[in-house]
Amino acid sequence: MSPTDEPPCIEAWGHKYHHSGRIFVPFDEKEQQRMVVTHKLYRHCLSGALTATRIPLEVKHILDLGTGTGLWPLEMAARYPQAEILGIDASRIQRTTAVPPNVKFVIDNVENPWPCPPESLDFIHARGLAGGVSDWPGLFKQAYEKLKPGGLLEWSEMAIQIFDFDSNLGDAELCPKFLESWRDAAKRNNIDFSPSPNGPLWLVEAGFENIVQRTEIIPVGDWAQDENMRTRKALFSDIFMDHFDNHCGLLFTNAGWTREQFDAVAPTFMEDIKAESSKPYTMIVFTTARKPR
């Protein structure tokens, strides 16, 4: 479909969303700026690497699901110049100039059939798909079918959850009023913004093995002393505070909220968190798996 043939986007609270109405992450300029900072945060959690997975240097076929602006495949192309890298995203926001010859982009919903033959891919990378996927088991089933035997999958998500670092109960979750409202809106829209806990089960059901989840702590607030954690906090603050309502417009509108109702609850979010914990944090979860050989 050419850009001129695409249906008009949906607008909500100053943001532009995919015309299907089923993708709750916008694609406008403000969201694209958030994607750049998020990419830096993921790389920082991986000590500068592009993946948590150890990929053989001779890898030939790579798929990036939810490629967004295309930053990840463009940087991977320099690392793996012999590999063919395909990025799929529902929105046409990828770079169109200076794209390496081994990178191609396809505009489509990642839940639709991918333009890859069965058992043709060496590595599938998926990041930040929460808010745009309704059928996670179906997504992983397709990943299994498209991977070669021994092929690798990496799926990463930032949790829409806040935890207490000082709790004696492990990862004790905090649930300020705004998060309760968020979850209610997500439930009304039949969308899961925190799918990582269910990931291992879905991957096992799809047939994957060697499933591992790696969790990286992201401090919320100013409590972190370690330089590494303070860098994460700074990057996350840029995402969280400056782009706070990016993912809320369509989600809350569809759930029957007005902007005035939202603005009455959202500003107290950080105050509620600080009242419950002196060391709140969220997390990024990297999930890796392999198709049996």
Side-chain angles (χ1 to χ4, degrees), residues 23-25 35 38-56 59 61-68 71-73 75-76 85-89 109-111 114 116 121-163 170-171 173 186 191-218 232 235-236 239 247 281-293:
I23 298 176
F24 296 89
V25 179
M35 291 178 185
T38 302
H39 178 70
K40 293 178 181 178
L41 178 57
Y42 276 94
R43 288 202 65 173
H44 187 272
C45 289
L46 296 173
S47 301
L50 285 163
T51 66
T53 305
R54 296 185 64 180
I55 306 173
V59 64
H61 299 285
I62 297 173
L63 175 64
D64 183 35
L65 298 175
T67 197
L71 263 180
W72 186 88
E75 293 183 9
M76 282 289 286
I85 306 175
L86 176 65
I88 300 178
D89 198 276
N109 190 314
V110 298
E111 295 191 80
W114 309 328
C116 311
L121 299 173
D122 298 294
F123 179 56
I124 296 176
H125 176 261
R127 188 176 72 184
L129 295 184
V133 172
S134 299
D135 181 10
W136 290 99
L139 185 83
F140 293 129
K141 181 181 178 182
Q142 183 173 188
Y144 186 89
E145 293 169 350
K146 301 295 188 180
L147 281 169
K148 298 175 182 177
L152 302 169
L153 169 73
E154 179 171 326
W155 166 50
S156 308
E157 296 288 346
M158 186 181 298
I160 308 298
Q161 296 168 286
I162 302 294
F163 301 93
D171 290 330
E173 186 178 358
I191 199 77
D192 188 353
F193 274 93
S194 297
S196 295
N198 293 316
L201 175 60
W202 295 330
L203 290 167
V204 167
E205 290 176 343
F208 285 94
E209 63 180 13
N210 289 14
I211 301 163
V212 177
Q213 286 196 320
R214 165 181 168 180
T215 299
E216 294 291 333
I217 289 177
I218 311 297
R232 294 185 186 185
L235 289 169
F236 179 73
I239 299 167
H247 297 179
Y281 71 95
T282 187
M283 60 178 69
I284 290 176
V285 181
F286 297 91
T287 305
T288 56
R290 184 180 72 184
K291 181 175 179 176
R293 299 183 186 279

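Using a 4.5 Å heavy-atom cutoff, the side chains of Met76 and His125 are not in contact. Inter-residue side-chain proximity for Leu41 and Met158 is flagged as met; some heavy-atom pair is nearer than 4.5 Å. Counting heavy atoms from C-beta outward, Leu129 and Pro195 have side chains that stay 4.5 Å or more apart. With contacts defined as side-chain heavy-atom distances shorter than 4.5 Å, the pair Leu65/Trp155 does not qualify. Side-chain contact between Leu152 and Arg290 is present, with heavy atoms from C-beta onward closer than 4.5 Å. Two residues are said to be in side-chain contact when any heavy atoms from C-beta on lie closer than 4.5 Å; Met35 and Leu71 fail this criterion. Under the 4.5 Å side-chain criterion, counting only non-hydrogen atoms from C-beta, Leu50 is in contact with His39. At a threshold of 4.5 Å between non-hydrogen side-chain atoms, the residues Phe208 and Leu147 count as touching.
In this structure a side-chain-to-backbone donor-acceptor pair under 3.5 Å is missing from Gln161 to Ser194. Formation of a donor-acceptor pair under 3.5 Å by the Arg232 side chain with backbone atoms of His44 is not found in this model. Without hydrogens or angle criteria, Lys146 side chain to Cys116 main chain gives a donor-acceptor distance under 3.5 Å.
Residue Thr51 comes nearest to Leu46 through the heavy atom pair C-CD1, 3.7 Å, listed as atom of the first residue, atom of the second, then distance. Residue Ala159 comes nearest to Thr282 through the heavy atom pair O-OG1, 3.0 Å, listed as atom of the first residue, atom of the second, then distance. Minimum interatomic distance between Thr67 and Pro73 (heavy atoms only, all atoms of both residues): OG1-CG, 3.2 Å. Looking at every heavy atom in both residues, Glu154 comes nearest to Thr53 through OE1-OG1, 2.6 Å. Taking both residues in full, the closest heavy atoms of Ile211 and Leu203 are given as CD1-CB, 3.6 Å, listed atom of the first, atom of the second, then distance. Lys291 approaches Glu145 most closely through the heavy-atom pair NZ-O, 4.1 Å.
Enclosure of atom NZ in Lys148 by more than 12 non-hydrogen atoms of other residues, nucleotides or ligands within 6.0 angstrom is indicated.
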Open item on the list: Before you tell me yes or no, could you show the steps for Ser196 and Thr215 under side chain to side chain contact (heavy atoms under 4.5 Å, CB included), namely the whole-Å CA-CA distance, both residues' side-chain angles and the distance that decides it to 0.1 Å?
Closed with: CA-CA 10 Å; Ser196 295; Thr215 299; over 6 Å; no
Exercise for review: Take Ser134 and Ile191, measure what side chain to side chain contact (heavy atoms under 4.5 Å, CB included) needs, and give me the verdict at the end.
Suggested key: CA-CA 6 Å; Ser134 299; Ile191 199 77; 4.1 Å; yes
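Taking the six-membered ring for Trp and thresholds of 30 and 60 degrees, Trp202 and Trp136 have nearly parallel ring planes, at less than 30 degrees apart.
Between the side chains of Thr287 and Gln213, at least one donor N or O sits under 3.5 Å from an acceptor N or O.
Between Tyr42 and Trp72, the ring center distance fails the sub-6.0 Å criterion.
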